[in-house]
Amino acid sequence: MRDDPDMLVMSDGARVVVRRPTKLKISAAIANMQRGDALTNESVVEEGSGDWYVQVLMREDSTFQLE
């Protein structure tokens with residue numbers, strides 16, 4: 001992961017799911033979320049965490065919360 005100076009990483013909070021996810025993979029991951037699941041897409045740079053992230057949470061009432 002450190003070889004690329006700027007990379008998008010998709011994780012489920014416990015583990016990295018996909019490095020450099022495509023739009024299709026992100027869409028599929030969101031479509032397959034279950035209640036209580038969270039999915040994070042984060043820009044990762046050489047020094048550590050990136051400048052931005054997007055986190056999606058599927059609430060217990062089946063609505064999404066976006067951060």
Side-chain angles (χ1 to χ4, degrees):
M1 190 162 49
R2 300 278 183 194
D3 297 335
D4 192 340
D6 192 9
M7 174 176 45
L8 185 64
V9 174
M10 183 168 61
S11 66
D12 64 6
R15 62 189 168 83
V16 170
V17 177
V18 179
R19 289 183 172 91
R20 297 180 191 89
T22 62
K23 290 179 185 178
L24 184 60
K25 287 188 179 191
I26 294 170
S27 296
I30 292 172
N32 290 317
M33 290 177 73
Q34 302 294 315
R35 292 178 182 151
D37 286 352
L39 187 69
T40 303
N41 284 286
E42 179 180 14
S43 171
V44 177
V45 292
E46 211 168 293
E47 301 83 37
S49 294
D51 292 332
W52 62 268
Y53 69 94
V54 175
Q55 184 171 346
V56 178
L57 168 69
M58 182 178 235
R59 296 178 177 173
E60 291 301 320
D61 65 358
S62 297
T63 61
F64 291 97
Q65 178 178 328
L66 181 65
E67 179 180 333

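What you see below is based on every heavy atom in this structure, not just the backbone, and it leaves out hydrogens, waters and symmetry mates. Not measured: the values here are computed from a predicted model.
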Over all heavy atoms of both residues, which pair between Lys25 and Val18 is shortest? Give the atoms and the distance, please.
CD-CG1, 4.2 Å
Has the side chain of Ser27 got a donor or acceptor atom that lies under 3.5 Å from a matching backbone atom of Lys23?
yes
State the CG-CG distance between Asn41 and Leu8, to the nearest 0.5 angstrom.
5.0 Å
For the atom pair CH2 (Trp52) and CD (Glu42), what is the distance rounded to the nearest 0.5 Å?
9.0 Å
Are Ile26 and Leu57 connected in the hydrophobic side-chain network, where two residues link if heavy atoms are under 4.5 Å apart?
no
Starting from Leu24, can I reach Val16 by hopping between I/L/V/M/F/W/Y residues whose side chains sit under 4.5 Å apart?
no
Would Met10 and Tyr53 show up in the same hydrophobic cluster when neighbours are defined by side-chain heavy atoms closer than 4.5 Å?
no
Is Ile30 linked to Met58 within one hydrophobic cluster, defined over Ile, Leu, Val, Met, Phe, Trp and Tyr using a side-chain heavy-atom separation of less than 4.5 Å?
yes
Determine the minimum heavy-atom distance between Met33 and Asp37, stating which atoms define it.
CE-O, 3.2 Å
